[in-house]
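So the structure is just underneath, and the comments pick up after that.
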Amino acid sequence: MALLEVHNIHTYYDHIHALKGISFELDRGEIVALIGANGAGKTTTLNTISGLRHPREGSIIFDGQPIHHLPAHEIVQLGIAQVPEGRKIFSRLTVMENLDMGAFTRRDRAGIQEDLERVFKLFPRLKERRNQLGGTLSGGEQQMLAIARALMARPRVLLLDEPSMGLAPILVESIFQTITEISQQGMTILLVEQNANMALSVAHRAYVLETGRIVLSGPAAEVRENPQVRAAYLGEA
Amino acid sequence: MGLRTGIRTGLIAAIVTIFLILIGVHMLMGRLLQSWFYVPAHWPGVWLMVVLLGLWAGSRAVGQMKARSWGNTLLAGASAGIIQGALVGAALYLLASITQAGVDLRAWLTQMSQESIAALTLGLAPLPAAGFIGGVLLVSAVAGAAWREWRLRVHAARLARGERTVSLRERLLEIPAVAQVSSNPLSRRVLMGVFMVLLLIAPFFLGQYWNYNLGTVGIYVILGLGLNIVVGMAGLLDLGYVAFFAVGAYTMALLTAPQPHHIQMSFWLALPIGVLLAAIAGILLGIPVLRMRGDYLAIVTLGFGEIIRILSKSDVLTGFTGGPRGVRNVGHPVLFGKDIGNEFYFFYFILIGVILAIIITRRLEHSRVGRAWRAMREDEKVAQAMGIYTLKYKLMAFAMGAAMAGFSGAIFASRNSFTGPEDFVLLVSINVLALVIVGGMGSIPGVILGAFVLKGLPEILRELEDYRVLVFGALLVVMMIVRPQGLWPASRPQLERPRPEEEALEEAPAELVEGEVGS
Ligand SMILES: Nc1ncnc2c1ncn2[C@@H]1O[C@H](COP(=O)(O)OP(=O)(O)O)[C@@H](O)[C@H]1O
Ligand SMILES: [Mg+2]
C-alpha cells in the first residue's frame with residue numbers, strides 16, 4: 001500500500017472548480033513530480049493534502065488513515081509538512097525562531113535538537129545566519145530556510161511547492177541537489193514545479209496536471225520523452 | 001528651486017498658523033508660560049508661538065530644498081516668510097476689522113474673544129497690526145532657514161568625516177555609568193529594586209490627588225498589557241476592547257451595589273467573577289470573529305464595544321443594569337473589617353495587578369502559546385501549515401486580554417464607587433490602543449511608558465485639557481512618522497545584522513532576483 005493515496009479529489013474556490021477529480025499516489029521513499037503550467041491546480045493540490053483546503057469530493061489516505069476531513073494542524077502532527085509557494089518564511093523572526101516554529105507540534109526536546117543539527121549540516125549557511133532575521137536572507141537562503149523549517153516537523157512526507165521559483169539557475173541546481181540528498185535519507189517527497197526539466201531530472205515518477213486534471217503520468221524518464229510534454233513544458237518545438 | 005519650495009511651505013505654514021490662531025492656541029501658550037514660568041503677562045507666550053511658527057516655516061522650506069546653497073536658503077526662507085506673513089497678516093486684518101465693527105466672533109469660533117485678537121494686534125489698528133505680525137513671521141522664517149542650513153552643514157561635515165549618526169539610546173549607552181548599569185544584571189536589579197521601593201513608599205507622600213492619578217495610570221497599564229496580548233502579541237486588531245473593561249466594571253457594580261439587585265456581595269468574591277465573566281465575554285466575541293482578519297475584525301469588534309455600551313444604557317434593561325444613570329454605591333474592598341476603598345489602598349491594589357499582569361505577559365511571551373501567537377501575527381496561513389491550531393490560540397488571546405480588562409474594570413468601578421455607560425465610550429478603546437502603539441507594540445516597558453505619557457502627562461498638563469484630543473492626534477501622527485516602532489520598542493537582543501561581505505555564492509538579494517523573473 002502506498003504511503004499517500006489521493007483518490008478522485010474535487011476542490012473548489014466557491015464556484016471555481018479548481019481540481020476536477022485528481023488521483024495519484026506516493027510510495028515510501030519516492031520523489032514524485034507534479035508538473036503543470038501556471039493555474040493548473042498544483043498549489044491547490046498541495047493545500048488540499050495539507051488540510052489548508054478541503055476537497056468537496058474524493059478522499060486522501062495517509063498511511064491507511066483518511067485525512068481529507070482533518071484540520072491542517074492535525075495533518076502536520078501525522079507527519080506531512082509543506083514548503084509553501086513563495087517560501088513564506090517569517091521574515092521578522094530570526095532563522096532560529098523560524099526553525100523553532102517548524103517544530104511547533106513536537107515536544108521531544110532531544111529529537112528537536114538532533115533534527116536541528118541535521119538541518120544545519122544540510123544547510124551550513126543557515127547555521128552561520130541563525131540569529132539573523134529571515135527577511136534579510138537572500139532568495140536562495142530563504143528557500144533553504146523554508147525547506148529546513150518543514151524538516152523540523154520531522155515529517156514522513158514533504159510537500160514542496162515550486163522550490164525553484166525566482167532563483168538564479170546556479171541556486172536552482174543546488175536546491176535540487178539538496179532535495180535529492182533529503183530523499184536519499186529516506187524522505188518521501190511530492191515536488192510541484194513549473195520548471196519541468198529540473199523536476200523530471202530528480203523525480204522517480206511524474207504526473208502532468210492541466211486545468212485541474214491529470215493528463216499524463218508515468219516514470220519521470222518516460223514523461224520526459226513524451227512529445228507533448230517536450231513541446232509544452234520543456235520548451236522544445 | 002528655493003523659491004518654489006519656499007512658496008509651497010509658506011502656504012502650508014500660513015494655513016497652520018491661521019488655524020492655530022482661530023482655535024486659540026496662542027492664548028493657551030500665553031497662559032502656559034504665565035503659570036509655569038511665572039511670566040507676568042500672557043503676550044510673551046503668544047508671540048513665542050508666532051516666532052516658533054515662523055522659524056518652523058523657514059526651517060521646513062530649507063529641509064525640503066534639493067539644491068543646497070546659501071543663496072537658495074535665503075530665497076526659500078524669505079519667500080516662505082513673505083507668503084506666511086502676508087496671509088497671516090491678511091487674516092489678522094480681517095479678524096481685527098470685523099471685531100472692531102462690533103461683531104462677536106465667538107458665535108462661530110468659541111475661542112475668538114476680543115482679548116484673543118488684542119493679544120495679536122497689541123492695540124494697533126488693523127493695518128499696522130497685520131504689517132507687524134507679517135514682519136515678525138518674515139524675520140523668523142529667514143532666521144529659521146539660516147539655522148536649518150547651518151545644522152545641515154554641520155551634519156554633512158560629520159558624515160563626511162565618517163562619523164555615524166547615533167540614536168539617543170546609543171548615546172546614552174556611551175555614558176559609562178549607564179552602560180555599566182544596563183549591561184550588568186545585578187546593578188539592573190538594584191535599580192529595579194530602588195524603583196520598586198520608591199513606588200511602594202510614594203503613596204505616603206503624594207496625597208489623594210496624585211495617588212488617584214497614579215492609580216488611573218496603573219489601571220491603564222493593565223488595560224494596555226491586556227490589549228498588547230491581543231494586538232501586539234497575537235496580531236488581532238481589537239477596537240472594542242472597552243467592552244471587557246465594561247463587563248468587569250458592571251459585574252463588580254451589580255454584584256456589590258445595593259441597587260438595582262440588592263446582592264451586595266463581597267468585593268473579594270465579585271473581583272474574580274468579574275475577571276471570569278470578562279474572559280468568557282472575550283471567548284464569546286472571539287467565536288464569531290475567528291475567521292475575520294485585519295479591518296473586518298477591527299470593525300466588528302468596534303461594533304461589539306458600542307453594543308455593550310448601548311445595552312448598558314438602554315431603558316429596557318434599566319432594571320438590570322441601572323440604565324443611563326449607572327450604578328451607585330459600588331462596594332469597596334473590606335479587609336479585617338476595615339473599608340480600604342480609598343486612593344491610598346487602591347494604589348497598592350492596582351500595583352499588585354500591574355505586577356501580576358507583567359508576570360503573566362512575560363510567561364506567555366516565552367511559552368508555547370506566545371510562540372503560536374507570534375507565528376499567527378506574522379502569517380496566519382503559514383502558522384496553520386506549521387501545525388498551529390490558530391482558532392484555539394486566537395480564542396486564548398481574546399480571553400487573556402479580556403480577563404485583564406475585566407480586572408481593571410472591576411477595580412475601576414469599586415474605586416469610583418460608581419459606574420455607568422459613559423465610562424465605556426469608544427475613546428477608552430482608542431486611548432488604550434494609542435498607548436500601546438505609542439509605547440511600543442509587544443513591549444512591556446513600552447506599554448508602561450505609553451500609559452504614563454498618555455494618561456499621566458495630561459494630568460500634569462492640566463492647562464492642555466481642552467486640547468487633549470488634538471495633542472493626542474498630533475502625537476499619534478508624529479509617532480507614526482518618526483518612530484513607528486514606539487517609544488520603547490520590544491528588544492531583540494541576540495539579533496545579528498546581515499553579513500554581505502561573506503557571500504559564498506554570487507547572488508543578489510531576494511527581491512532583485514524575483515524582480516528579474518517577474519519582468
Ligand atoms: N484563493 C483563490 N481563490 C479563487 N481561485 C483560486 C484561488 N487560488 C487559486 N485559484 C484558482 O484555482 C486554479 C488553480 O490554482 P493554483 O492551484 O494556484 O495553480 P498552480 O499552483 O498550478 O499555479 C486557478 O484557476 C486559480 O485561478
Ligand atoms: Mg502554485
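Computed from a predicted model, the values in this text were never measured in an experiment. In what follows, every chain begins at residue 1, and chains take the letters A, B, ... in the order their sequences are listed.
Between A/F104 and B/R368 the shortest side-chain heavy-atom distance falls below 4.5 Å.
To the nearest 0.5 Å, the span separating CE on A/M101 from CE on B/M376 amounts to 10.5 Å. If you take CZ on B/R371 and CG on A/L93, they are separated by 11.0 Å, rounding to the nearest 0.5 Å.
The most heavy-atom pairs under 4.5 Å with chain B, out of A/L52, A/I89, A/N98, come from A/L52. For the options A/Q82, A/M96, A/R149, heavy-atom pairs under 4.5 Å to chain B are most numerous at A/R149.
With a threshold of 4.5 angstrom between heavy atoms, A/R106 approaches chain B through N, CA, C or O but not through any side-chain atom. There is no contact between A/N47 and chain B, counting heavy-atom distances below 4.5 Å.
Of residues 432-452 of chain B, no residue lies under 4.5 Å from chain A by any heavy-atom pair. Inspection of non-hydrogen atoms places no residue of residues 11-19 of chain A under 4.5 Å from chain B. Residues of residues 69-80 of chain A that come within less than 4.5 angstrom of chain B, heavy atom to heavy atom, are A/A72, A/H73, A/V76 in numerical order.
Around the CZ atom of B/R362, the shell of radius 6.0 Å holds no more than 12 heavy atoms that belong to other residues, nucleotides or ligands.
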Please tabulate, for side-chain N and O atoms in residues 380-389 of chain B, each donor-acceptor pair with protein atoms closer than 3.5 Å (sequence neighbours left out).
unit_1, atom_1, unit_2, atom_2, d
B/E380, OE2, B/K394, NZ, 3.2
B/Q384, NE2, B/T390, OG1, 3.2

